[in-house]
Each structure stands twice: as structure tokens, then as C-alpha cells.
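Note sheet for the following structure.
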There are 2 protein chains.
Amino acid sequence: MPPDRPYHHGDLRQAVLAAAVDALTESGPARLSLRDLARRAGVSHAAPAHHFGDKAGLLTAVAAEGYNLLADTLTAAQQRTADFLDVGVAYVRFAVDHRAHFEVMFRPDLYHPDDPAVAAARQRAADALYGGVRSVTATRRGPDIPLAGIAAWSLVHGFATLWLNHALPPGLGDDPQAAARAVAAIMFRTP
Amino acid sequence: MPPDRPYHHGDLRQAVLAAAVDALTESGPARLSLRDLARRAGVSHAAPAHHFGDKAGLLTAVAAEGYNLLADTLTAAQQRTADFLDVGVAYVRFAVDHRAHFEVMFRPDLYHPDDPAVAAARQRAADALYGGVRSVTATRRGPDIPLAGIAAWSLVHGFATLWLNHALPPGLGDDPQAAARAVAAIMFRTP
DNA sequence: CCGGGAATCTAGGCATTGACAAGTTGGGCC
DNA sequence: GGCCCAACTTGTCAATGCCTAGATTCCCGG
């Protein structure tokens, strides 16, 4: 009796990657299991490792995909508006909408941070982010390092992290974008 | 031949907790192993579970200890100065100096966030943090939720997280406190 | 002094996991 | 048609978390 599925999956790499994002969204990186992903994709327990080397290799691919998604999100937000506040809100929205990617990206101990693909994707995202920041710092005279950009990034990144971990006090409502806008406005629009 | 060590360890709970902090500092939460902690403490592989129930129970204790340490740090910083900038810098210093605790505290999926001990400790830290924030918001009229406090917390929390994950661009130097002070000053001291 | 219950710790086992090695299948290229 | 190689399977091993049963020691009341 031949199995229902063909011997070759066809696009197992993408299937495992998608399954990984699903599993990460459900349970977080701590409970991620290569064997579970293999079961979800309907392949043998060692098939995923063939495409990604090991667990860290899989998470490297997730991180690279995440950085590329973030770069796309930030550039799109920038082209839509000149207000950096909106770019910051887009950053928070990315974190909430792509929680799985976000949680992996900023945990370099889980993957291979020096991988060329992930390094290139991270650079794309950094360029997009600092490009958006430039509008804030353009009017000021400062050192090489755009401290205002670091501050803005820290603010939205910290807000996103705290929001995802349910560390923020209740009363901010349940709309992360609106809350992020209100909080970020305190820094970006000082009278 | 009797074993060198007595049957009862004496203070195994504290020993395992300390070993856990060491292991977390070395390798992070992902590679933490109860059996490794047992080996470090020189006890059988199941002894730690007796004191903490399971792995999540151990991390609950780590988180509680961390929140208490943070509360101590913040209250001490507040009594030393009236400038909230220093409290923010103290927050970053805590994250860098107690990386193991910090990384567990803000990952509630790793432990039991509703545990009474950890909830009480978290409340202590929150009180200390918002007490320090009050000096910033006192002059402003605002809603119940101190948005400026959330913004300040987000800023220092995000900076600490990005610093720990080596996500910040080079050129900030290697002193996290000095860098944090420079970055936070952009928000806290707007002309 | 001592007896028994309770707390602490040991020993063994089971299911799951990540990683590795070796074999099998099938598509594409000459 | 035949061959090569990537894709996938099967089997195995050490390590881990958690569970249960049992051994040892402490403590406290009499």
C-alpha cells in the first residue's frame, strides 16, 4: 500500500517554516519541537533537519524572514507618511502581528546571528528604521550616532516587548496601536 | 563507605537557586537543565524538583527574586537622587548586572506568573518604578494612567533589552550606563 | 530517651527530544 | 537508458523532564 503523499514533499522548506511560525505563535520558542513540525508537515521526524541543519538553523530562517518583513513594514509606513510617530506605531504593530518572528529576532542566542542571510535582512531593517529616524534628527546637530534614533527605537521596542509580555498596567485599553501612539507621542511631540 | 556529603544538603533550595542563576548567566534560559543544576549542587537528579515542583516552579522563584532585587535597586536609586534619569539608568544597570533574572522576569511563559510570591514581588517593583516616575508626571495634568511613566519605562526597558541582545549599533561604547544616560537624556530633558 | 510522622533526598523508569548515521527514492541531466 | 545527487526515511543514542517508590534523616511530643 503506497502512502497517500509522494516521497518528495515539493516545498518542504517553506512548509516547515510556516509550521514553525504557527507553532511559535501558539506556544513560543521554548516549546518548539522539530519533531512536532515534522508531524504537522506530514514528513518523517528527521526531514526538517535536512533543510535547516539543526534547530538553530530553522530559527535563523525565521529570524531572517522576520527582519525582511520588518523592513517591508517600516519602508511602507515611511512612504505613507512623513511623521515618524506613524513609523513607531508600525513597529509596534509589526511586533504584535508577527509575534512569532519578533520573539525570535531579538533572541540571538536561539539562532546563528552571523548567518549571511539574517545579517543582510537585519541591515535592511536597520536602514529602514534609521531612515525613518532621520526625519526626527534632521533638525538637530548631533554626533555620528543618532542618539535620538536609539531613543525612539528603544521606546517603541520596549513598549512592544512589555505589551507582548503583559507587563503593562491595565487601563491602556486593548488596542496596542492606539496605546503605542499615545505613549510615543509623549516623546515625539514634546512642546 | 559513606559518601562525603551528608544525606541532607542543608539548604538545597538556595543552592539550586544560585546554581540556576549561574547557569542562566552562562547559557540563557533555553539551555537550562534541572539535571545539570542537580549535578552542580552534588545531589541526585530529581532533588531540585522536590523544592520547586518543576522547571517552571524554579523559574518562578528566579523571577520573584529578580523582582525583589529590582524593587530594592529602584528604591535605593530614588533615595539617592530626585532625578528620574538616575532611576532609569539604575533600571538599565540592573538589567545588565542581573541579566539572568531580567531575562526570566519578562518572559512569563517560562514560569507561573500568577504565583503569589512573584505577584507580590512584581507589585513591589511596580510601586518603586511608578514612585520614581511620579516626579516626572507631577507637574503635568494627565489621565489615571501615567502615560509619561509608561513612556519612560518603555524607553529604559527597550534600551536594556536591545543592549543585552547586541542589537544596538556599535559606537555607543561599552559602558551601558553611560550610553543609557545619554539616550534617556534625549527624552527626559527636552528643552 | 525514644518513637513515629514528616520532610528531604535517592533510585529507577518512561516518553519526548535533538542530533547523527546509513539507507531509500526519485527527478533531472548527459 | 543510466547515473548522480538532492530529498526524504528509518533507526539509534544520549540527554532531559517528570513520575513513582523507597531510603534516610530530622524533629517533636511524650
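Given the structure is predicted, the values throughout are model-derived calculations rather than measurements. Throughout, a chain's letter reflects where its sequence line sits, starting with A, and its residues are numbered from 1.
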Check: Does the pair A:His98 and A:Phe102 meet the rule for a ring-ring contact (aromatic ring centres under 6.0 Å, His included), with working shown?
Finding: CA-CA 6 Å; A:His98 301 90; A:Phe102 189 79; over 10 Å; no
Next item on the list: Take B:Asn68 and B:Arg124, measure what side chain to side chain donor-acceptor pair (under 3.5 Å) needs, and give me the verdict at the end.
Entry: CA-CA 7 Å; B:Asn68 277 319; B:Arg124 275 196 63 211; 2.9 Å; yes
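In the set D:dC18, D:dC8, C:dG18, D:dC8 carries the atom at the smallest distance from any side-chain atom of A:Leu12. Taking every side-chain heavy atom of A:Ser44 into account, D:dT9 is the closest of D:dT9, D:dC8, C:dG18. For A:Leu34, taking side-chain heavy atoms from C-beta onward, the closest of the listed nucleotides C:dT10, C:dA19, D:dG17 is C:dA19.
Counting to the nearest Å, the C1' atom of D:dT16 and the CG atom of A:Leu32 are 17 Å from each other. In this structure, CZ of B:Arg35 is placed 11 Å from C1' of D:dA14, rounded to the nearest angstrom. Between the P atom of C:dA19 and the CG atom of A:Asp54 lies a distance of 5 Å, rounded to the nearest Å. Atom P of nucleotide D:dG11 and atom NE2 of A:His45 are separated by 8 Å, given to the nearest angstrom. In this structure, B:Asp11 places its CG atom 14 Å from C1' of C:dA7, rounding to the nearest Å. Rounding to whole angstrom units, CG of residue A:Leu58 and P of C:dA19 are separated by 10 Å. The separation between A:Asp36 atom CG and C:dG18 atom C1' is 14 Å, rounded to whole Å.
The residues B:Arg31 and A:Asp109 are annotated as not salt-bridged, no charged nitrogen and carboxylate oxygen being separated by less than 4.0 angstrom. Using a 4.0 Å cut-off between a side-chain N of Lys or Arg and a carboxylate O of Asp or Glu, B:Glu65 and B:Arg13 do not qualify as a salt bridge.
Listed pair B:Arg39 / D:dT16 meets the phosphate criterion, a side-chain N or O lying under 4.0 Å from OP1 or OP2. For A:Ser33, a side-chain nitrogen or oxygen approaches OP1 or OP2 of C:dT17 to under 4.0 Å. Residue A:His50 places no side-chain N or O under 4.0 Å from the OP1 or OP2 atom of D:dC8.
Aromatic pair A:Phe106/A:His157: ring centres closer than 6.0 Å.
Nucleic acid contact for B:Ala46: base, since at least one base atom lies under 4.0 Å from a heavy atom of the residue. A:His51 comes within contact range of the sugar-phosphate backbone alone, with a heavy-atom separation under 4.0 Å but no base atom that close.
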